[in-house]
Amino acid sequence: MAETATPAVYDTPPPASTRRERRGWYMYDWANSAFQSTVITVFLGPFITTVAELASGCELGADTCDGYVYPLGIRVAAGSYYPYLISLSVFLTVFVLPVIGAIADRSAHKKRLLGGAAFTGAGATIGMIFVTGDRYLLGGALFLIANISFGAALVVYNSFLPQLGGPDERDGISSRGWALGYLGGGLLLAFNLVAVTLFSEDDNPQRTLDLARWSIVSAGVWWAVFTLVPLRWLRERPSAAAALARQGNVLTDGFRQLGRTLREIKAYPLTLFFLLAFLVYNDGIQTVITLASQYGTEELRLGQSTLITTILLVQFLAFGGALGLGALARRIGARKTVLISLVLWTGVIIGVFRLPAEAPVPFMVLGAAIGLVLGGSQALSRSLFSQLIPAGKEGEYFGFYEISDKGTSWLGPLAFGLVFQLTASYRVGLVSLLVFFVVGFLLLAAVPIRRAIVAAGNTPPRVL
């Protein structure tokens, strides 16, 4: 049965925002995406693994290495050190991000929180300049600080979205932010990949390691410098909860408020249902992003140049894809657009399964398809969720959202790994990810979005 456009009479008008303020908000996506593209996607994993191998006694440039390191006395294979760091950072963010969100909601100085988290993460990233020789413990500690700070800053940043525009404007605002993020992250990544290609030497692995280190540091500098723009252009928009918090301690009150929200969140079951749908399909998206290079190398036997070209193709096409799907959402609604993107994701998975080995052109074509649906599906999911948040609790709810975004992305890799272990086939393992897109599609299609928005006390947009 079609949902009726019943307005929520108790909703408050959206606050007015200036074009300058919105541009400032977009620029934080431009600033932080360098960390995601240059550090997480390309350079940090191989860099930290190589440093751990050096600490285990392996020679630089060795083809294989069975050495071990002993962080805190625990015996860890050097090749497993970085994946374990990711798991640890995920575990810690589950506890940190909702608390940061609760504090943001009760703070009259959200820009300070954004700047504090961003500069802490950028500083830790720049600190990688000191990770030389066998300093794998220092590298691991800096990564944990940077990655947790990255998530914390995103929670505060996303909490500004509902305050920057009304229900009919947020899809466009979110899409432009994602688009600029992919463009900025792609530009720095392109610069770093060109530098590595020009200055690396096949017979000098130390030069390659140094270039990777400086590429990581450049992302920290980029992140810090461009964060100055949103800190200058955004306006503080304290909520009613922030006004009440002036009489108490923001930190302790934030913990208390989080406890109350956890008890009261069951009053918004439709918001939770959407979060579950997002958790499922976004896990599939994150897994494809994470495992694409491994699949291209191990199963399709593609060269490094093909993988680099495809990564850049995805980055820059995601810019246009985010804007294109944002424009489509204005015509047919955000939820329908996300559902269409999930159908396209399913087609991408089937297409990748059928790719021939040692054929770079078809692989790059599929990479282009990923780029076109990637940014839009993520941007519109963010704007949809912003409609489902009770007023004054944006930070807390986006804290839970960021956990779903990053803290549960182990499900897809686990499914992929188990299927590969049973079948010894990367192709079959990849097909196992179809369940995330199919189930996510069905769950999202079952959410009565208009009713969910009204239940949260908000006014639905004209087109859903």
Side-chain angles (χ1 to χ4, degrees), residues 1-5 171 174-175 265-266 268-291 321-322 325-326 328-329 331-354 366 369-370 372-389 397 400-419 427-456 460-461 463-464:
M1 182 179 294
E3 300 173 53
T4 58
D171 292 339
S174 183
S175 296
I265 198 170
K266 60 184 179 182
Y268 304 101
L270 296 179
T271 299
L272 287 176
F273 196 68
F274 174 87
L275 200 57
L276 174 63
F278 173 75
L279 181 157
V280 174
Y281 69 74
N282 189 67
D283 203 277
I285 293 173
Q286 297 301 321
T287 304
V288 172
I289 296 170
T290 302
L291 298 177
L325 290 185
L328 181 62
R331 298 176 62 87
I332 66 173
R335 185 179 67 156
K336 294 186 183 72
T337 306
V338 174
L339 289 172
I340 290 172
S341 77
L342 295 180
V343 173
L344 296 176
W345 271 110
T346 302
V348 165
I349 296 297
I350 296 173
V352 173
F353 173 77
R354 299 175 62 86
L366 263 297
I370 289 175
L372 290 174
V373 298
L374 176 62
S377 56
Q378 293 174 313
L380 294 174
S381 295
R382 177 172 66 180
S383 60
L384 258 181
F385 186 68
S386 75
Q387 312 273 10
L388 306 176
I389 301 174
Y397 276 74
F400 297 126
Y401 182 86
E402 280 303 314
I403 288 174
S404 297
D405 191 5
K406 304 186 190 321
T408 55
S409 59
W410 54 272
L411 291 171
L414 177 63
F416 184 94
L418 289 175
V419 172
R427 293 183 187 269
V428 178
L430 185 75
V431 171
S432 70
L433 300 180
L434 282 175
V435 68
F436 291 91
F437 295 104
V438 174
V439 172
F441 177 95
L442 295 175
L443 289 174
L444 180 58
V447 179
I449 289 291
R450 193 175 298 278
R451 181 147 51 93
I453 294 172
V454 172
V463 181
L464 274 175

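Residues take their numbers from the sequence shown, with the count starting at 1. If you're wondering where the values come from, they're calculated on a predicted model, not measured in any experiment.
Remark: F353 CZ to L430 CG distance equals 8.5 Å, nearest 0.5 Å. Atom-to-atom distance recorded for I350:CD1 and L434:CG is 5.5 Å, nearest 0.5 angstrom.
When all heavy atoms of G440 and V280 are compared, the closest pair comes out as N-CG1, 3.7 Å. Contact record, L276 with L443: CG-CD1, 4.1 Å, taken as the closest heavy-atom pair. In terms of heavy-atom proximity, S175 sits nearest to G326 at OG-CA, 3.4 Å. Pairing each heavy atom of L388 with each of T271, the nearest pair is O-OG1, 2.9 Å. Nearest heavy-atom pair across V463 and R331 is CG1-O, 3.7 Å. For the pair R354 and R427, the tightest heavy-atom approach, listed with the atom from each and the gap, is C-NH1, 4.1 Å.
Between Q387 and P460, the closest side-chain pair of non-hydrogen atoms is not below 4.5 Å. Side-chain atoms of I453 and P461, non-hydrogen and from C-beta on, do get closer than 4.5 Å to each other.
Looking at R335, its side chain does come within 3.5 Å of a backbone N or O of V447 through a donor-acceptor pair. A donor-acceptor contact shorter than 3.5 Å is absent between the side chain of S432 and the backbone of V419. Under a 3.5 Å cut-off, the side chain of S174 and the backbone N or O of D171 do not form any donor-acceptor pair.
Ring planes of F385 and Y397: tilted class, angle from 30 to 60°.
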Start with the C-alpha distance between F274 and I449, add both sets of side-chain angles, then the distance that settles side-chain contact (heavy atoms from CB on, under 4.5 Å), and finish with yes or no. CA-CA 8 Å; F274 174 87; I449 289 291; 4.2 Å; yes
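Scored by the side chain to side chain contact (heavy atoms under 4.5 Å, CB included) test, V288 finds W345, I349, I370, L433, F437 as partners (sequence neighbours excluded). Under the rule for a side chain to side chain contact (heavy atoms under 4.5 Å, CB included), the partners of L272 that lie at least two apart in sequence or sit in another chain are I265. The side chain to side chain contact (heavy atoms under 4.5 Å, CB included) search around V435 returns V439, not counting sequence neighbours. Remark: Y281 pairs with F278 by the ring pair (Phe, Tyr, Trp, His ring centres under 6.0 Å) rule, at least two apart or across chains.
Applying the salt bridge (charged side-chain N to carboxylate O under 4.0 Å, His left out) rule to pairs touching residues 373-386 yields D29-R382, sequence neighbours excluded.
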Side-chain donor-acceptor distances from residues 336-344 under 3.5 Å, at least two apart:
from: T337; atom 1: OG1; to: G333; atom 2: O; distance (Å): 2.7
from: S341; atom 1: OG; to: V338; atom 2: O; distance (Å): 2.6

